[in-house]
Amino acid sequence: MTGEGFVFSEKPITIESGSGAILTADDGTEYLDFGASYACTPLGHSPPAVVDAISEQAEDLLYVQGSYPVAARTALQEQLAEVAPDDLSKVWLCNSGTEANEAALKFARSATGREKVVAAKRAFHGRTLGSLSLTWKDDYRDPFGPLPGGVEFVPYGNEEALKEAVDDETAAVFLEPIQGEGGVHPAGDAYLQTAREATADAGAALVLDEIQTGLGRTGTMWACQSAGVVPDILTAAKGVASGLPLGVTLCADWIAEDAGNHGSTFAGNPVVAAAASATLTQLQAEDVPQNAAAVGEYLRSALRAAVDGHDLPVREVRGQGLMVGIEVKRGSMRVLRDLAIEEQVLALPAGRSVVRLLPPLTIDEADADSVVDSLVEVLS
Ligand SMILES: *Cc1c(COP(=O)(O)O)cnc(C)c1O
């Protein structure tokens, strides 16, 4: 079995420690981490406040079954209900992004009593069978069929096609506000607003998968907020507990009322909950989303200026906040390899032609400049 060992299959880099945006390998080499391990470290690596919260909770209690309220879990649920977009005050916890979407799929079906689901071409919603049925790429799907049925894929960003696909048999529409894995493609506000209207008219649930776009990544706590759209269900994971396993499904009352029977042994584990609470507290106290907006804007304009100034083989620079896609005119894997080996900069692919940057949200303009310089070196 192989994972995404794109750089590492050729020249493995064994990471020993991390602090802020820096990862240190076992040979002492320091890497600037502009992938944030797939957006899992919004505050950088091992943020001290989160590490302290984990240690304190571990001393008190590692685990107790979910039927006993535990202070750490209850506090997190309250905090999540507070940072959630308006009306999404019902909080379901689990252990990963794909489980958060599984729950969303189950809840949407039980709340509506319907089966049909609409998802987008190029979408990525996870790899367990339910979420995989909403994920577009054949590579991920084909070996594992048959997948749960009833899913129709529509071209992402096409309002007419979406309106046509949603009817009174639709349980849910699943969308990423910006497709991450699919190549860093923003949906645009109008598309999300159309999705909101079409689902509301049909009595279907709008599910926004904010597993990658959430937690301040795009410049607001949730990407849907900048589009002025409140979904019926919002899923989060990745960075919510600074890299510890946590998935979150935020639901409107009408979904939660008829959510059916769903559960998970480790959901809301106290140590993970403590890590998430500390992460959310710091995100808000230091207005990290605002930093992501400002430095993201700076980074994208610096990238565009570098592309023009050096005539780099780049088709487009796009994104929002610190979710940035650079569409290159050569293989993205080669660029990523050179960035890592020659420039000690870690980034991510999004398909064959897009270099994806998802740095910690706490980076500054100097970090952005340094990565632009590295990209110029590698692409020139
Ligand atoms: C990563 C991701 C998932 C899956 O999360 P896992 O924790 O890997 O299961 C789902 N949706 C989006 C948008 C993601 O980026």
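This structure is a prediction, so every number in the text was calculated from the model and none was measured. Counting begins at 1 with the first residue of the sequence. Indexing begins at 1, ligand by ligand and atom by atom, following the structure's order.
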Q: Let me see the working for T194 and K163 under side-chain contact (heavy atoms from CB on, under 4.5 Å), right down to the final yes or no.
A: CA-CA 8 Å; T194 297; K163 279 194 272 190; 3.8 Å; yes
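Enumerated by chain and number, the residues approaching ligand 1 to less than 4.0 Å through a heavy atom are S96, G97, T98, N101, F124, H125, G126, E176, D209, I211, Q212, K238.
Checked against the 6.0 Å centroid criterion, the rings of Y156 and H185 do not qualify as a close aromatic pair. In this structure, the ring of F124 has its center no less than 6.0 angstrom from the ring center of W136.
With no hydrogens or angles considered, no side-chain donor-acceptor pair links N158 and Y191 at under 3.5 Å.
Remark: Q65 CD is packed, more than 12 non-hydrogen atoms of other residues, nucleotides or ligands lying under 6.0 Å away.
With sequence neighbours excluded, the residues forming a salt bridge (charged side-chain N to carboxylate O under 4.0 Å, His left out) with K90 are D253, listed by chain and number.
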